[in-house]
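Beneath this line is the structure, given in structure tokens, with notes to follow.
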Amino acid sequence: MASTSIPLPLSPSSPASQTPTTATATAQPLSPTISLPKLKTPTIRSRLSKLCQDGQPHLARQLFDTLPRPTTVLWNTIIIGFICNNLPEEALLFYAQMKKSAPNTKCDSYTYSSTLKACADTRNIRVGRALHCHVLRCLSNPSRILYNSLLNMYSTCLPGADYSSGDLVRKVFDTMPKRNVVAWNTLVSWYVKTERYEEAILQFVRMMKMRIRPSAVSFVNVFPALSGMRDYKNANALYGLLVRMGAEYVSDLFVVSSGIFMFSELGCLDFARKIFDLCSEKNTEIWNTMVGGYAQNNLPIEAIDLFLQATQSEEAVLDEVTLLSALTAVSQLQRLELAQQLHAYVIKHLRVIPIFIQNAIIAMYSRCGSIDKSFQIFHEMPERDVVSWNTMVSALVHNGLDDEALMLVREMQKQRFEIDSVTVTALLSAASNLRDPNIGKQTYAYLIRHRIEFEGMDSYLIDMYAKSGLVGALQIFSEKSSAQDRDMATWNSMIAGYTQNGMIEEAFVVFRLMLEQKLLPNSVTLASILPVCSPMGNIDLGKQLHGFSVRNMLDENVFVGTALIDMYSKSGAIAYAENVFRETGLKNSVTYTTMILAYGQHGMGERALSLFHSMQDSGIKPDAITFVAVLSACSYAGLVDEGLQIFELMKKEYNIRLATAHYCCVADMLGRVGRVVEAYEFVKGLGEEGNVLEIWGSLLGACRIHEQFELGKAVAEKLLELEKGNDVTGYHVLLSNMYAEEGEWENASKLRKQMREKGLKKETGYSWIEISGRINRFVSRDQKHHQCDDVYNMLGQLAMEMKAAGYRPFVSSSLHKVADSD
DNA sequence: ATGAATATTT
């Protein structure tokens with residue numbers, strides 16, 4: 001018989017006893033001497049199910065164990081009773097016991113249907129398959145519900161990624177003799193689970209065409225497909241259909257919740273909120289979906305506002321999940337006082353704080369800049385899970401404490417927690433930050449040893465290697481020998497790795513390779529490669545990429561648009577930059593900031609200012625960087641009073657945290673027009689906050705230009721005092737130039753000597769040019785170019801012609817006493 | 001007596 005060959009779990013009441021005889025014994029009356037009154041099956045059945053409904057499944061078991069020969073109906077009742085009490089494992093054990101101790105009791109559709117449900121609940125596909133075989137062998141006419149149960153068992157137990165090798169769920173569906181709305185719903189949700197959203201919608205439509213009336217569940221199931229497709233139009237249409245189906249559809253609480261979720265996934269918070277507001281009896285899930293929707297869409301103010309409403313609501317709608325969303329929202333706001341208040345609220349309102357809430361609190365404090373508090377909470381946690389460790393490790397990395405993060409990972413391993421993809425991501429970030437290829441290699445080795453793989457892993461690895469000096473990045477890249485193995489992210493991070501390391505030629509080599517493989521660059525590729533077009537001095541290349549992005553509709557992407565603006569601006573083509581800006585549909589604060597920056601770099605301070613004002617009118621909130629752009633634009637254009645006004649505005653109206661860059665702009669602005677003393681006073685007035693190299697450096701530059709030698713000396717002293725091991729090559733050179741201009745050659749050469757001793761060396765400047773796809777790079781006094789002699793001959797010739805034309809080189813600020821001809 | 005469904009931290 002089939003049942004003997006299929007292994008099944010053992011008896012529930014005596015897990016220790018493994019032999020069929022003992023299992024049978026336990027199913028017999030506890031005490032054979034007491035003879036119970038003979039009850040009819042329906043009476044026992046109703047008693048059993050009453051006990052289970054009252055949440056007393058163990059009393060039901062005691063009663064069941066007194067039955068000498070339970071009928072099929074009674075077996076079914078006890079199995080269903082345990083499933084209803086959320087004990088699917090025990091339900092499976094009863095089925096096993098039934099097979100073993102009562103082989104002659106026939107299973108029916110109810111038995112199989114319920115046991116299949118238990119398989120689905122426990123993700124036990126092994127038993128599920130066995131049951132499928134039993135059904136095919138033993139039942140001549142399985143019920144429709146049984147087929148639905150089979151379908152459901154497969155759709156919950158099969159791993160989502162594994163449908164390619166013959167879609168079993170689809171096969172079962174296709175072979176079903178009759179399908180009702182439940183079967184269709186299950187199929188749709190299977191397609192959603194496997195992320196085949198288009199197919200899910202198609203099946204929903206097919207069901208409608210077959211005149212099967214969708215149920216509320218049908219809508220709940222198909223909604224995620226529409227948000228997954230990012231199909232706002234059809235989402236709207238479908239919601240319209242839902243409304244026309246009748247009140248019982250719109251007011252179904254599941255429908256309300258998943259409707260809110262769909263629209264907030266699509267970014268339509270207004271619509272989501274409308275559904276929320278129209279719902280008269282909101283349950284906790286609905287509140288949570290709405291609060292979470294705001295948090296997920298980075299609308300922390302709205303999220304917190306709604307959370308506060310929930311706290312004041314008459315009914316008890318709040319639970320841990322609401323709190324979780326509120327914690328996320330405060331993390332986004334990055335306001336420490338709020339974080340502390342919310343933390344207090346959590347302590348006050350929860351008797352025990354679940355681990356996942358504590359994890360969120362750790363993350364919140366870290367995002368609000370209080371890493372100490374994060375660690376304290378982590379340290380004092382009585383129990384931690386992997387997420388706790390990962391949260392703390394990531395928090396340390398985010399706060400620049402990379403070494404501490406590494407140590408914590410050690411500790412995590414010591415305490416036998418498995419490193420997972422999140423840990424690895426944090427580790428790789430730490431390795432890039434520390435520029436330590438060894439940590440990276442160890443992490444990579446760990447990945448290989450433990451066969452860890454996750455989406456985007458290659459890009460993280462390449463990014464890490466790229467940042468720590470590119471040893472190995474190419475290796476990982478080439479190891480994925482076939483083009484299919486390299487996903488877009490891998491190509492992109494390879495290119496970005498090179499561009500971020502200033503290895504522009506190499507970046508273009510990879511870019512060309514990509515094109516040769518007939519791969520279409522996407523918006524990320526363009527956003528990585530565009531920024532290096534302008535330093536190449538090759539605007540045609542930039543224009544080609546612009547053309548490419550227009551043809552492939554990538555120019556609508558904000559990041560590409562912004563990169564294009566920046567590229568044109570840096571290539572000196574401000575008019576092109578303006579055009580792109582005008583044509584970028586969805587502008588965000590970065591788009592505006594880039595354009596303002598572009599105007600500033602072209603000395604068009606007035607335009608920068610007026611763009612800033614129209615940005616304010618359009619309701620897009622300027623951020624800290626926007627103000628850097630405006631202030632520096634004012635500085636370049638000498639619009640000092642306007643600049644100072646904006647500085648005030650920024651402090652008072654926008655509540656933006658002032659950073660070094662802002663102070664720098666103001667000091668620079670004043671210094672540039674010769675208000676050097678004022679600048680000095682401003683910087684001194686900043687106190688400790690102003691003790692930053694960049695600020696004093698900018699002041700030094702001003703002193704030099706306006707020949708304020710005495711003040712310059714004071715500033716220089718201060719700078720040297722601030723230096724302490726910082727890389728200040730630029731200031732040394734500037735300082736030495738100042739001494740040189742004053743004619744104090746002795747001091748200048750002393751400083752240069754000091755520089756050499758400390759091993760400071762200004763980064764070599766170089767230029768390059770692309771000729772028929774090949775990049776030629778030139779460094780001062782370089783002899784490596786293969787046409788070196790020709791190049792120097794031409795240079796000499798040009799120099800002579802320039803001299804003949806009357807050109808006199810300006811040498812006063814160069815470091816050395818040099819002959820004019822140099 | 002049996003089947004399908006919503007919110008969650010790194």
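Below, chains carry the letters A, B, ... as their sequence lines are ordered, and counting in each starts from 1.
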message = Can you classify the ring geometry of A/Tyr345 versus A/His349 as parallel (below 30°), tilted (30 to 60°) or perpendicular (above 60°)?
response = parallel
key: Which nucleotide in B/dT10, B/dT2, B/dA4 has an atom nearest any side-chain atom of A/Val217   = B/dA4
ask   = Do A/Asn180 side-chain atoms and A/Ala183 backbone N/O form a donor-acceptor pair below 3.5 Å?
value = yes
query = For DNA chain B, which residues in residues 399-411 of chain A have a heavy atom at a distance below 4.0 Å?
reply = none
task = State whether A/Asn152 places a side-chain N or O below 4.0 Å from either non-bridging phosphate oxygen (OP1 or OP2) of B/dA4.
result = yes
inquiry  = Between A/Arg61 and A/Glu90 (salt bridge meaning N to carboxylate O under 4.0 Å), is one present in this structure?
reply    = yes
key: Side-chain donor/acceptor of A/Lys106 to backbone N/O of A/Thr72, under 3.5 Å   = no
Selection from B/dT8, B/dA4, B/dT2 that lies nearest to any side-chain heavy atom of A/Val321 = B/dT8
key: Option from A/Arg384, A/His379, A/Glu383 for which side-chain contact (heavy atoms from CB on, under 4.5 Å) with A/Met381 holds   = A/Arg384
inquiry  = Counting distance alone, no hydrogens or angles: does the base of B/dG3 have a donor or acceptor under 3.5 Å from a partner atom on the side chain of A/Asn180?
reply    = yes
request  = Send over the distance from A/Leu116 CG to B/dG3 P, rounded to a whole Å.
outcome  = 11 Å
remark   = Here the distance between atom C1' of B/dT8 and atom CG of A/Leu318, to the nearest Å, is 14 Å
ask   = Just wondering, are more than 12 heavy atoms of other shown residues or ligands nearer than 6.0 Å to CZ in A/Arg196?
value = yes
Aromatic ring pairing A/Phe94/A/Phe82, orientation class (parallel under 30°, perpendicular over 60°, tilted between) = tilted
query = Got a sec? Which of residues 385-395 of chain A come in under 4.0 Å of DNA chain B, heavy atoms?
reply = A/Val387, A/Asn390, A/Thr391, A/Ser394
query = So what does A/Arg45 hit on the nucleic acid, given a heavy-atom distance under 4.0 Å: a base, only sugar-phosphate, or nothing?
reply = sugar-phosphate
inquiry  = Looking at B/dT9, I'd like to know if its phosphate oxygens (OP1 or OP2) sit under 4.0 Å from a side-chain N or O belonging to A/Gln296.
reply    = yes
inquiry  = Under a 3.5 Å cutoff, is there a donor and acceptor pairing between the side chains of A/Gln413 and A/Arg410?
reply    = no
query = If you look at every strand shown and take non-hydrogen atoms under 4.0 Å, does A/Asn283 touch a base, only sugar-phosphate, or nothing?
reply = nothing
message = Counting the atoms with a prime plus P, OP1 and OP2 as sugar-phosphate, which does A/Ser189 contact under 4.0 Å by heavy atoms, base, sugar-phosphate, or nothing?
response = nothing
inquiry  = Run the side chain to side chain contact (heavy atoms under 4.5 Å, CB included) test against A/Ile301 and tell me which residues pass, sequence neighbours left out.
reply    = A/Leu333
query = What does A/Ser215 touch in the nucleic acid at a heavy-atom separation under 4.0 angstrom: a base, only the sugar-phosphate, or nothing?
reply = base
